[in-house]
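Some notes on the structure that comes next.
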Amino acid sequence: MKKGVELELPPEIAAGLDPEQPDLLERRKEWNKPAAPEYALPTEIWREVVERRNRYFEVKAKIEKGEIREINDFITCNLNILQFAQDAVESIDDPVFIRYFYNALLKITILDPTCGSGAFLFAALNILEPLYNACLQRMESYTQEAPKGKYKFFEKVCEQVRAPIHPNLKYFIYKNIILNNLYGVDIMNEAVEIAKLRLFLKLMSCVDPDYNKPNLGLEPLPDIDFNIRCGNTLVGFVTQEELSDALTFTVDGLLKKPELKEKMQVVADAFNQFKHIQLTYGDDAASFHTAKQALEQRLRELNETLNRYLSSRYGVD
């Protein structure tokens, strides 16, 4: 919508903007001709350029007045939400906003409960990448322009990005997204393996081998065995309410609930530590294997407990 709107319209086109003028047909005789490329999208005539520009200024005014606030508003106005978010990050001069936006990106979780070979997750990866990139570019500019120590959080993140283990910025971004944001389940183990492979190939596609470095300069691929998993999403507890009901039982006429929240939190913490090591420790194999073994053990114990309650819910002894 923004194509060419910053340019003043040629006099012969601007002459027909006011519909109340006399001789309007004569004033707009140039409007049906192909528009100049600096003003127009492909195949647009001047009449279409004027209409699009008017629509642009109308929507821009709604944004400035705060009338466009929800996803439905964007859909109604036919706006590109991704581009809007990216523009906001690239143009706003507010380091606090950038920090909160980046932290929000890290916490987004996208789950495809029937992921197949990963087409939906692959699309999500391509949507998140420009948002991560815009945030990291802004952090880098803030750290370069300000005295050292003023933006400690930005400096810490930029230090991680520049770590020698990461081949380049795009690889760092893709690895973050795959480990932090993408989750999938499918009943076919072959499909799960293909989904993982597609994500790995996406990572490898942004790296040029360097024969002067160990392992050709390639960073170890992330372990996403806990992100993309084989399973049946039609069996099990769907909501916290279902789980809470299943874990409620009566003893001597009193309602009881086993204390599983703490165990669940321990597993969640172990998973976060496992991801953190992959993103920050690089090739520290000992820390990686220790973290994975701890996570597998805790997850196995929790699953055993939950499966017992699930089987009783289905009437299985």
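Below, all heavy atoms of this structure are taken into account, side chains as well, without hydrogens, waters or symmetry copies. We count residues from 1, following the sequence as given. All values derive from a computational prediction rather than experimental measurement.
- Counting heavy atoms from C-beta outward, Asp73 and Glu67 have side chains that stay 4.5 Å or more apart.
- Contact detail for Arg47 and Asn32: the closest heavy-atom pair is NE-OD1, 3.0 Å.
- Connection of Ile277 to Val266 is not established within any shared hydrophobic cluster, with ILVMFWY side chains joined at heavy-atom distances below 4.5 Å, either directly or through further cluster members.
- Salt bridge annotation for Lys3-Glu44: absent, with no cationic side-chain nitrogen under 4.0 angstrom from a carboxylate oxygen.
- Ile13 is not listed as a side-chain neighbour of Tyr39, based on a closest heavy-atom distance of 4.5 Å or more.
- For Glu64, the salt bridge (Lys or Arg N to Asp or Glu O under 4.0 Å) criterion is met by Lys60, not counting sequence neighbours.
- Here the straight-line distance linking atom CG of Leu182 with atom CZ of Phe120 works out to 9.5 Å at 0.5 Å rounding.
- Here the closest heavy-atom approach between residue Val185 and residue Gly231 is recorded as CG1-O, 3.6 Å.
- Considering only heavy atoms from C-beta on, Pro19 comes within 4.5 Å of Arg28 through its side chain.
- Put simply, the residue from His166, Glu219, Gln278 that forms a side-chain hydrogen bond (donor to acceptor under 3.5 Å, both in side chains) with Lys175 is Glu219.
- Heavy atoms only, all atoms of each residue included: Thr305 and Lys263 are closest at OG1-NZ, 4.4 Å.
- For residues 8-21, every residue pair satisfying the side chain to side chain donor-acceptor pair (under 3.5 Å) rule, not counting sequence neighbours, is listed here: Gln21-Arg27.
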In residues 129-137, what donor-acceptor pairs under 3.5 Å come from side-chain atoms, sequence neighbours left out?
unit_1	atom_1	unit_2	atom_2	d
Tyr132	OH	Leu105	O	3.4
Tyr132	OH	Asn181	OD1	2.8

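- Grouping Ile, Leu, Val, Met, Phe, Trp and Tyr by side-chain contacts under 4.5 Å, direct or through others, puts Ile187 with Met188.
- The cluster map of Ile, Leu, Val, Met, Phe, Trp and Tyr, joined by side-chain heavy atoms under 4.5 Å apart, puts Val50 and Leu25 in different clusters.
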>> Let's go through Asp269 and Gln273 carefully: what are the C-alpha distance in whole Å and the side-chain angles of both, what is the deciding distance for side chain to side chain donor-acceptor pair (under 3.5 Å) to 0.1 Å, and is it a yes or a no?
In response: CA-CA 6 Å; Asp269 291 341; Gln273 176 65 12; over 6 Å; no
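- In this structure, CG in Leu201 is found 8.5 Å from CE in Met204, a value given to the nearest 0.5 Å.
- Not counting sequence neighbours, Arg53 has no partner by the salt bridge (Lys or Arg N to Asp or Glu O under 4.0 Å) test.
- Hydrophobic clustering, with ILVMFWY side chains joined whenever heavy atoms are under 4.5 angstrom apart, keeps Leu7 apart from Ile45.
- Screening residues 187-198 for side chain to side chain donor-acceptor pair (under 3.5 Å), with sequence neighbours left out, gives Lys196-Asp225.
- At least one side-chain heavy atom of Ile165 sits less than 4.5 Å from a side-chain heavy atom of Pro220.
- Around NZ of Lys170, the count of heavy atoms belonging to other residues, nucleotides or ligands within 6.0 Å does not exceed 12.
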>> Set out, in order, the CA-CA distance, both residues' side-chain angles and the distance that settles side-chain contact (heavy atoms from CB on, under 4.5 Å) for Leu9 and Trp46, then state yes or no.
In response: CA-CA 10 Å; Leu9 288 172; Trp46 280 112; 4.0 Å; yes
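- Between Tyr142 and Asp93, the closest side-chain pair of non-hydrogen atoms falls below 4.5 Å.
- When all heavy atoms are compared, the tightest approach of Tyr314 to Gly236 is OH-N, 3.8 Å.
- In this structure, Tyr183 OH and Ile110 CD1 are separated by 10.0 Å, a value rounded to the nearest 0.5 Å.
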>> For a side-chain contact (heavy atoms from CB on, under 4.5 Å) check, start with the C-alpha distance between Arg138 and Ser141, then their side-chain angles and the critical distance, and finish with the verdict.
In response: CA-CA 5 Å; Arg138 293 304 308 281; Ser141 65; 4.0 Å; yes
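- To the nearest 0.5 angstrom, His276 atom NE2 is 14.0 Å from Phe271 atom CZ.
- In this structure, Leu203 and Pro222 have side chains that are in contact, with non-hydrogen atoms separated by less than 4.5 Å.
- Looking at Asn227 and Leu199, their side chains never come closer than 4.5 Å, going by heavy atoms from C-beta outward.
- Grouped by direct or indirect side-chain proximity (heavy atoms under 4.5 Å, Ile/Leu/Val/Met/Phe/Trp/Tyr only), Phe84 sits with Met1, Val5, Tyr56, Phe57, Val59, Ile63, Ile68, Ile71, Phe74, Ile75, Leu79, Ile81.
- One finds the NZ atom of Lys275 at 12.5 Å from the CD1 atom of Ile224 (value rounded to the nearest 0.5 Å).
- Atom CG of Asn232 is surrounded by more than 12 heavy atoms from other residues, nucleotides or ligands within 6.0 Å.
- For CD of Glu90, the number of neighbouring non-hydrogen atoms (other residues, nucleotides, ligands) closer than 6.0 Å is greater than 12.
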> When you look at Leu121 and Leu125, which way does the side-chain contact (heavy atoms from CB on, under 4.5 Å) test go after all the steps?
Replying inline: CA-CA 6 Å; Leu121 298 177; Leu125 176 73; over 6 Å; no
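- Across all their heavy atoms, Gly16 and Leu24 have their closest contact at O-CD1, 3.9 Å.
- Scanning for ring-ring contact (aromatic ring centres under 6.0 Å, His included) contacts around Phe97 gives Phe101, with sequence neighbours left out.
- Asn180 and Asn176 share a side-chain donor-acceptor pair at under 3.5 Å.
- Partners of Asp87 under the salt bridge (Lys or Arg N to Asp or Glu O under 4.0 Å) rule, at least two apart in sequence or in another chain, are Lys2.
- The two residues Cys115 and Asp186 come nearest to each other via the heavy atoms N-OD1, 3.6 Å.
- Residues Val96 and Met139 do not share a hydrophobic cluster, clusters being chains of Ile/Leu/Val/Met/Phe/Trp/Tyr side chains in contact below 4.5 Å.
- Linking Ile, Leu, Val, Met, Phe, Trp and Tyr whenever their side-chain heavy atoms come within less than 4.5 Å leaves Leu197 and Ile228 in two separate clusters.
- Glu301 has no carboxylate O lying under 4.0 Å from a charged side-chain N of Arg298, or vice versa, which leaves the two without a salt bridge.
- By the 4.5 Å heavy-atom criterion applied to side chains, Met264 and Leu306 are counted as neighbours.
- Among residues at least two apart or in separate chains, there is no side chain to side chain donor-acceptor pair (under 3.5 Å) pair with a member in residues 108-123.
- In this structure, CG on Leu128 lies 11.0 Å from CD1 on Ile178, to the nearest 0.5 angstrom.
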Atom pairs and distances, donor-acceptor, side-chain atoms in residues 148-162, under 3.5 Å, two or more places apart:
unit_1	atom_1	unit_2	atom_2	d
Glu155	OE2	Gly149	N	2.6
Arg162	NH1	Glu140	OE1	2.9
Arg162	NH1	Glu140	OE2	3.2

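- Partners of Arg308 under the salt bridge (Lys or Arg N to Asp or Glu O under 4.0 Å) rule, at least two apart in sequence or in another chain, are Glu304.
- Counting non-hydrogen atoms of neighbouring residues, nucleotides and ligands closer than 6.0 angstrom, the CD atom of Glu38 exceeds 12 such neighbours.
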